[in-house]
Structure formats: C-alpha cells, structure tokens
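Naming: A, B, ... by sequence-line order, numbering from 1 per chain.
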Protein chains: 4
Amino acid sequence: MRKKPKQKRSRQMVDALIEATAQTIIDKGLDAVTTHHIADAAGVSVGSLYQYFDGKEMLIEALMDKLANDIASLLVQLPMIEGGSLRHNVQSIIEFGFSVLHSRDGLFLELVSNWNNLPTDKVMDTLQQSFMDLSRLYFLKNYQQNPIEDLHVRVFIIVNSVLFNMVRFIGQNTALLTQQQVVSGMTDMVVGYLNADQDPHGAQVLTP
Amino acid sequence: MRKKPKQKRSRQMVDALIEATAQTIIDKGLDAVTTHHIADAAGVSVGSLYQYFDGKEMLIEALMDKLANDIASLLVQLPMIEGGSLRHNVQSIIEFGFSVLHSRDGLFLELVSNWNNLPTDKVMDTLQQSFMDLSRLYFLKNYQQNPIEDLHVRVFIIVNSVLFNMVRFIGQNTALLTQQQVVSGMTDMVVGYLNADQDPHGAQVLTP
Amino acid sequence: MRKKPKQKRSRQMVDALIEATAQTIIDKGLDAVTTHHIADAAGVSVGSLYQYFDGKEMLIEALMDKLANDIASLLVQLPMIEGGSLRHNVQSIIEFGFSVLHSRDGLFLELVSNWNNLPTDKVMDTLQQSFMDLSRLYFLKNYQQNPIEDLHVRVFIIVNSVLFNMVRFIGQNTALLTQQQVVSGMTDMVVGYLNADQDPHGAQVLTP
Amino acid sequence: MRKKPKQKRSRQMVDALIEATAQTIIDKGLDAVTTHHIADAAGVSVGSLYQYFDGKEMLIEALMDKLANDIASLLVQLPMIEGGSLRHNVQSIIEFGFSVLHSRDGLFLELVSNWNNLPTDKVMDTLQQSFMDLSRLYFLKNYQQNPIEDLHVRVFIIVNSVLFNMVRFIGQNTALLTQQQVVSGMTDMVVGYLNADQDPHGAQVLTP
DNA sequence: AATGAATGAGGTTTCATTCAT
DNA sequence: CATGAATGAAACCTCATTCAT
C-alpha cells in the first residue's frame, strides 16, 4: 500500500476499493478483474486506485487480508458444542465450511479455486492457523491428555482435504454425488484420522 | 484440431506443438503461455500452430489428453503388492503420486495447481476413474465380500484430498512439514477411511 | 492465368475453380472469400489453384469474364416483342434484370453490389455494350429514323440507373416500396427518357 | 462510442479521430483502413482510439453521421431559384452533386462507391430524405396541386439513379463521355420522370 | 502435376500504468 | 488529492502465397 490512509475520506476510499475488488471478482471472476472495473465499481478513478494501492495484486492482497480476518473471527465464534461428539462437531464445521464457500455470492469459492494465482496464501494460512488453535483447544478440553504431537500435520492435511473437496464438489455439476454424501464421507475420514493412534505404525488392526 | 494431419511431417508437427506447450507451461507457467511462445518453442510459425489447433485452449486440451493417457497407463502398471497390507499399498501409491508431480519438471504440478483454469477436467477425471478401477479391483481381490457401496464417494474424496495435499505441500516452502510426515499422515487418513464401516456410525469391523 | 489448360483434366480444373469461386462468393460473400475456401470448394489443393491462376483476383476476374459472356448470350436472346410497345419491352427487360439478380442464389447481386472492389468492369461493360446493341437495333427496327445521336450516353445512364436501383431495392429490407412500384417507376423514367427529344434544350413544354 | 468525452481534450480527440478516419479513407481507400492507420493519422495511440470507439466500424459510422449532417445542412441551403424552371433547378442540383462527390479529395466518392460495405446507410438515407423534403417543398410551392402520390418512389429512383451515374462516371476513365453529357442526360431523364403523369400510361399534362 | 505444410506480416483488441490537469 | 486521458506492449488470429515432397 502506497499511502497510509490517515484521513477519514481516505480510509473510506480504501475500503470502497477493497469491497469493489470483491464485487468485481464475484461479478466477472478473478481472471477478468481489471483495475478499471475495480475503480468503476468503487466509484473512483483509476488514478485514485493507484494512489492507495500499488496495483491489482496489492488490492487483491488487501482483500485477502480482510477476508482472512473475517474468517478468523467467524471461526473463533464457531459454536462448538461442549458435550458434543467429535463427529458431530466435525460435521458442523464442514457444513459451516460449505456455507462459507457459498456465502458472498461465491467470493470465497472463486478465491479458493484460484488459490494458486493469488498473491498471498493468507487465507489458507489463516484457515490453517485457526483450525490449529481450534483443534488444540478441543483436544485439550475434551481429552486433557498429552497433546497430539503431530497435530500440525493433521490439521494441514485435514484443512486442505476438506477445502479442496468442497471446492471440487461445488464446481462439479454432475449429479453423481450429493452434498450430504460428501459431508458425511469427509466427516468419517476426518474423525477417523483425528482419532487415529499417533504412532502411525502401532497396533494396526486394520490390515487385511 | 482443425486439420487432420495427413502427411508424416504434420504428425510430427502436432507432436512438437503439444510438447512445446508442455515445455512452455514448465518454463513460464500456465498463465504466461502464449501462442507465440508455443510456436517459438516448437520451432514453427504461429500460422502453423493455427493450422492444427484452434488456439491455445485446444493445445492445452490436447496436452491434457495425452497426459491423461500417460497417467492412466502408468497407474494400471502400478506395482500393487499382492500380499501387501492396504497401508503399504496406499503409501506406495501416494509416494508414486509425489514422484509423478515432481516429474517432467513440475508439469503435472503446474497443471493440477491450475486445474480450475484448464479447459477440461480430463486429468482429474482420469485420475479419479483410474483410482476407482484400482480400488474396486483391490477390494474385490482382497475382501471378496459385498462391494463397498459408496466407493465412488470415497474415491472422490480420497483422490481430491491426496492430490491437493501433495500440491499444497510441494508449493509450500516452509520447513514446518516434511514430505515423510505428509505421506505418513495421508496414508493414515486414507487407510482409516477406506476401512471405515460403511454405516458411518457403526463400529469398525471391516477387517478380514 | 498462368498456364493455358491444354489438357482435358486441366480445363476441368479451371472450370471447377471458377465455379467454386462463384459458390464461395454466394456462400460467404465477396469479402470473405479466401483462396482456401475456393480450393476446398473446388476439391483441389491451394497449390493447384496457384498453378492455374495468379491469385484470388485473377480467379474473380475469370469468373466475371464467364458471367459477362453468359449475360451477353442471355441478352441477345431476350424476347423482344416485335410489335410491342417500347414501354412493354422496357418493363420486360427490367423484370428480366430482377430475375437475373435473384438468380444463382444472388451471385450477381453480390457482384454488382461490390462492383467497386472487383478487379474488372467486365460485367458492367458487357451489360452496357449489350444494351447498346439492343437499343440500336430496336430503334433501327421500330423507328427507321435518324439514329439517336447520344444513344451511348442514354444507355450508360439507363443501365446504371436501372442496375443500381434494382440492387438498392433488393438490398433494402424496408417495406416502403414494392418491387412492382420500382419496376413501374423505372419503366416510366426510362421510357420517358428514351422518347425525349434529342435536343436537350429544344421545345420544353415541361417547365413550370 | 465507449466513453463520453468529459473533458475538452477528449472532445478534440474524438474529432481528430473521426477526421483521421476520413483522411485515411481518402489516402488508402476504405478497404485499407486499419485502426493503426487511423490512430497514426490522428497522432494518437491505438489505445486512445479504443477508449472512444468500439472499433473501426464505429469510427466509420461516426464519420458517416457527421457527413450525413453536413450534407443535410448543405442541401437545405441549396440555392433553389424561385422562378427557375424545374430543368434548371434539377441541373443545378446534379451539378452540385458532382461538386460534392469531388469535394474532400473524393471522400464522398469513396464512401458512396462502397456503400455496400458501410456499417450504416445513414448517408444514403439522409440523401433520400433530404431530397424527399426538397421535392415535396418544390412541388408544393410551384404546383399547389394535389401532391404526387408516389413521390417517395420517384425520389428513391431518382436519387439512386443520379448518385450511381455520377459515381460510375467519375470512376470511369474513358473519354467516351463528358460530364456535360452526363449532366445533361440525367437532367433530361429526371425532369421527364418528375413531370410524368402519375398514371403511368396517361398523357403528360402535368405542366402548369 | 498436384499436394498441403509452412510462413509471417498484418490486422484487431485489451489493460496495467502514468501523468498532465 | 482526485481525475481520467493517453499510452503501447502484448496477446490473439487470418490468409495469400510459396515450396518441398
């Protein structure tokens, strides 16, 4: 960001531009956003855009920052049922995830779908971090046992798995799968994995 | 494809163009691919490119087709250890997956990373189909029992999970995770899920 | 034309190419003809096309030549009613003109519409010449009087007038005018003009 | 037009572009006009061109609009001699027509020659409309009689006839005809036609 | 003779970014 | 500060023509 908005008007403009970026992404898709579209949507001139942001990239980055914060706040408020089973809680979170991806007219969906072309991994990182905290808390509360050592690995894997499956499912237009099936399947997988013994090579009753 | 290559020279050209597309994707990334780059890399003129392909999209599609076939052939040859444990086989496949993603100077990595911008889902679809076949075969051989009903859901979820985790891991340059950890974690998760009772809430009694 | 077709096969090819040119003009419009279209339509290769013609221009020129001849032969056969009134004969010719413009799926219409971009004026010239002959003959037969001196001027003016009006009328899609009205109007005009005193400044009963 | 010019500078630019279009048509002919030529001629970049016009077509259309207006204003100022004979006035108009076609280095000539490839019929329509008004006025003033019913047909025919004859004559480089002859001939024809009884077969009694 | 593969100049259009007003 | 006019590199695609086979 070129200039720190110190005045009220400036902060409004910065916000308007970020919001306009979001709207433009929703309307035209990430690939089709142009600085002109954003400026138009924000009701300002391109010149002003460049006075506050170094370019398109920076704007998207700013948007991602904001969204990351939004998500983080949402996640900490996630109604985790105290006495609920792990399965129940996991399923709630996954369903929450779907609702987030559908929210804002698909803004998150579009962003996650294009995660690779985004200037930062902020959203992903935030998600991961939030879930990490969430999980740590959960296990601490409910198991009061020695913390799972490789929790960060599990969270990494779970977050990525759930996220990509949701995106792939939504993006897919075949009727071969229902959301109910996907939610249920992922819940099974995640719960199983979270419950799995830490020692990956320990007692394996599961081998054929 | 616009024209069917009737002469030997033209078949070579078609191949050269597809190969050049691959190389350009490797060199510059999918987004930076242009018809000129491809033509240059193939050592031919743009005009020639357009004699055989309707444009960039079609070239990428052709490349994907070819790669999908390549992968399919590789997968059927996957050394599935007959007497090996499910865990062992799953781990082998995941490791094989990593090696594929690293092969061809990251071509597959780049393509899977950008799956969303690709003209076809052929590679993903092929992967899913191949794994579906593979899994069906495996369970048939090793369990000779009633087939898993929701196998297609599980395969969908597993393929997506494993794929995206690999891509994310490779694309990530933090040293917080080792490939060994990710492989191991995913193996745990996948094996657990494959063994999970079909009735999502029942007990795990699937072992032979 | 590059080569004079001495062999039967060659003459067939030349004919096929000219005919293909006509068909392509009909199908795509004069502006959209390409050598490839023509060669395709003729069922030969571009290479062959260039063996017999110096390029697109020459092909169109050849087509025009052929059409000019066709028209000329048609015109000399025009059923001029011996005892018919001038008005009747003129109207017949105009109606004949309309039918020609509509013939061959609008080939003539397309050509006359684009007369300005054509390599030769052959068709126009032929038309003019044919009508000149026709008129001369008519006046000789029916009036046996001193020939109209400025006949070539009148024919020039009449041919152009009638031709362009027909083209404009056909190209127009408003329902403001009927073909019957245009034919009738042009007949009036032409007959009046042909009958007009030769001395343009002579007895003018017509002034207001 | 894409953008409405809000600043003074941009209005100048729009004008410069339209003027450059005219100049390019004069210099290279309608077919050879390219966006780059126009931009070069206007002394601006292609980008600027596209900020105000959707492309070549729109520019030509804008030019035609402007010319149509110019012509319309010229025509209403046409010095119609009050007491003059119809013949005299017709001849004046035709001569005026020739001078217009020769004006602006042949711009009109080029445009009318290519009427078929132009994006709009505006010029032709304007011409027709203007002459329609002119004629109606003339007959009203001078004959104060029942208006000629099929006036629109006559005007259509006359405008087309005169226009095309002028274009053809100018485009022709044979010395077989003099402009004087063509003017005179067309005048005869037009006057005769305008005076012709409405009943196409009756006697000519229209004179006052 | 016939083929059709190969060429590449030339046309259209877009868009991130700058800078005079 | 804010504006939006101006830029021009860079992408896409076509088609007349040549030439090796």
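In this structure, C/Gly55 reaches the sugar-phosphate backbone alone: every heavy-atom distance under 4.0 Å involves primed, P, OP1 or OP2 atoms, never a base. Among the atoms of the strands shown, base atoms are found under 4.0 Å from some heavy atom of D/Val46.
Contact check for D/Gln51 versus D/Leu17: no side-chain heavy atoms found under the 4.5 Å cut-off. You'll find the side chain of D/Asn69 stays beyond 4.5 Å of the side chain of D/Thr126, heavy atoms only. Residues D/Thr120 and D/Asp125 have side chains not in contact (no heavy-atom distance under 4.5 Å, counting atoms from C-beta outward). Between D/Leu107 and D/Leu67, the closest side-chain pair of non-hydrogen atoms falls below 4.5 Å. Put simply, the side chain of C/Lys56 does not reach to within 4.5 Å of the side chain of C/His37, judged on heavy atoms.
Distances shown here put every side-chain N or O of A/Ser45 at or beyond 4.0 Å from the OP1 or OP2 atom of F/dG4. Side-chain N/O atoms of C/Ser48 include none lying less than 4.0 angstrom from OP1 or OP2 on E/dA2. The side chain of D/Thr35 places an N or O atom within less than 4.0 Å of a non-bridging phosphate oxygen (OP1 or OP2) of E/dT12. Between C/Tyr50 and the phosphate of F/dC19, there is no side-chain N or O to OP1/OP2 separation shorter than 4.0 Å.
In this model, a side-chain donor or acceptor of D/Gln51 finds a partner on the base of F/dA6 within 3.5 Å.
Residue pairs satisfying the ring-ring contact (aromatic ring centres under 6.0 Å, His included) criterion with at least one member in residues 103-122 of chain A, sequence neighbours excluded, are listed as follows: A/Trp115-B/Phe164.
For the pair B/Met58 CE and F/dC12 P, the interatomic distance rounds to 14 Å; values are reported in whole Å. One can place CD1 of C/Ile38 at 17 Å from C1' of E/dG4, the figure rounded to the nearest angstrom. Per the geometry, CZ belonging to D/Phe53 stands 12 Å off P belonging to F/dA6, to the nearest Å. Atom C1' of nucleotide F/dA16 and atom NE2 of C/His36 are separated by 8 Å, given to the nearest angstrom. Rounded to an integer number of Å, the gap from D/Ile60 CD1 to E/dT12 C1' is 13 Å. Between the CG atom of D/Leu49 and the P atom of F/dA5 there is a distance of 15 Å, rounded to whole Å. Remark: P of F/dT21 and CD of B/Gln12 are 12 Å apart, rounded to the nearest angstrom. Rounded to whole Å, atom C1' of E/dA16 lies 20 Å from atom OH of A/Tyr52.
For the pairing with D/Leu111, the side-chain contact (heavy atoms from CB on, under 4.5 Å) check across D/Met64, D/Met124, D/Arg104 returns one residue only, D/Met64.
Heavy-atom contacts from other residues, nucleotides or ligands closer than 6.0 Å to NZ of D/Lys122 number 12 or fewer.
Annotation: proximity of residues 21-33 of chain B to DNA chain E (heavy atom, distance under 4.0 Å) is found for no residue.
When atom types are taken as modelled, the side chain of A/Glu110 and the backbone of A/Leu30 share a donor-acceptor pair closer than 3.5 angstrom.
Pairing analysis of DNA chain F (Watson-Crick: purine N1 to pyrimidine N3 plus N6-O4 or O6-N4; G-U wobble: N1-O2 and O6-N3; both under 3.5 Å) yields stems of 3 or more pairs at E:2-21 with F:2-21.
B/Ser45 and B/Ser48 share a side-chain donor-acceptor pair at under 3.5 Å.
Set against F/dT17, E/dC15, F/dC13, the side chain of A/Thr34 has E/dC15 as its closest nucleotide. Here the nucleotide nearest the side chain of A/Met13, chosen from E/dA5, F/dA6, F/dA2, is F/dA2.
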